[in-house]
Amino acid sequence: MNLVITVITITTALSFILAMVAFWLPLMTPDQEKLSPYECGFDPLGSARLPFSLRFFLVAILFLLFDLEIALLLPLPWGDQLPTPVLTLFWTSLVLLLLTLGLIYEWLQGGLEWAE
């Protein structure tokens, strides 16, 4: 019980110290650029009818799709506790193979090239 209290105390103190450092350390000198709104690279004061880059949208969607592998593989360390860890390894390998094939397909189609 003493170890649990020590860990909680250290964690709370460290969190508090880091929060105070993050609050007081940065320079608080706002200028016109910092105070202006930022809209993903668009000029917020210009026309709202500018064409949207489809390439940017596709790369963002690809990033989200391939980033989901973390969510799918997160419970993997607990998979060896199941009655059939070989089945867990099979499904994990299948997910990784599918993601790898999708990455190769996008690469060959030129979907990952930003500039043409």
Side-chain angles (χ1 to χ4, degrees):
M1 192 65 166
N2 193 15
L3 180 64
V4 173
I5 293 173
T6 305
V7 169
I8 290 174
T9 304
I10 291 173
T11 305
T12 305
L14 186 61
S15 300
F16 182 74
I17 290 170
L18 288 175
M20 288 297 113
V21 167
F23 182 73
W24 291 108
L25 191 61
L27 298 174
M28 300 292 185
T29 54
D31 57 0
Q32 189 62 26
E33 285 294 319
K34 287 183 182 178
L35 294 176
S36 67
Y38 177 73
E39 297 292 334
C40 299
F42 295 110
D43 183 18
L45 303 176
S47 173
R49 302 288 181 226
L50 293 174
F52 183 72
S53 172
L54 189 59
R55 175 76 59 186
F56 175 78
F57 177 74
L58 288 175
V59 170
I61 293 296
L62 285 175
F63 174 76
L64 287 175
L65 287 175
F66 287 113
D67 196 42
L68 281 176
E69 71 180 87
I70 294 173
L72 291 173
L73 298 176
L74 190 61
L76 186 61
W78 291 278
D80 63 349
Q81 305 293 326
L82 295 174
T84 57
V86 176
L87 186 63
T88 305
L89 178 64
F90 169 75
W91 285 112
T92 303
S93 301
L94 189 67
V95 167
L96 287 175
L97 178 69
L98 184 64
L99 287 170
T100 305
L101 290 176
L103 178 64
I104 291 171
Y105 176 76
E106 288 296 328
W107 196 335
L108 292 176
Q109 294 296 320
L112 300 177
E113 295 176 15
W114 187 262
E116 302 187 21

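Computation of the quantities below employed the complete heavy-atom set of this structure, encompassing side-chain atoms and omitting hydrogens, waters and symmetry-equivalent molecules. Predicted, not measured: the structure shown is a model, and the values here were computed from it.
Leu94 shares a hydrophobic cluster with Leu87, Phe90, Trp91; the chain of contacts runs through ILVMFWY side chains whose heavy atoms sit under 4.5 Å apart. Hydrophobic cluster membership of Trp78, counting Ile, Leu, Val, Met, Phe, Trp and Tyr whose side-chain heavy atoms lie under 4.5 Å apart directly or via other members: none, as it forms a cluster of its own. Cluster partners of Val7, using a side-chain heavy-atom cutoff of under 4.5 Å among ILVMFWY residues and allowing indirect links, are Leu3. Clustering of Ile, Leu, Val, Met, Phe, Trp and Tyr by side-chain heavy atoms under 4.5 Å joins Val4 with Ile8.
When hydrophobic clusters are built by joining Ile, Leu, Val, Met, Phe, Trp and Tyr residues whose side-chain heavy atoms come closer than 4.5 Å, directly or via intermediates, Leu25 is not grouped with Leu18.
Atoms OG1 and CG, from Thr9 and Leu14 in turn, are 12.5 Å apart once rounded to the nearest 0.5 Å. Here the CG atom belonging to Leu68 is positioned 12.0 Å from the CG atom belonging to Leu74, to the nearest 0.5 angstrom.
By the side-chain contact (heavy atoms from CB on, under 4.5 Å) test, Thr6 is found to be paired with Asn2, Ile10, residues two or more places apart in sequence or in another chain being considered.
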Just list the side-chain donor-acceptor pairs under 3.5 Å for residues 95-106, sequence neighbours left out, or say none.
residue	atom	partner	partner atom	Å
Thr100	OG1	Leu96	O	2.7

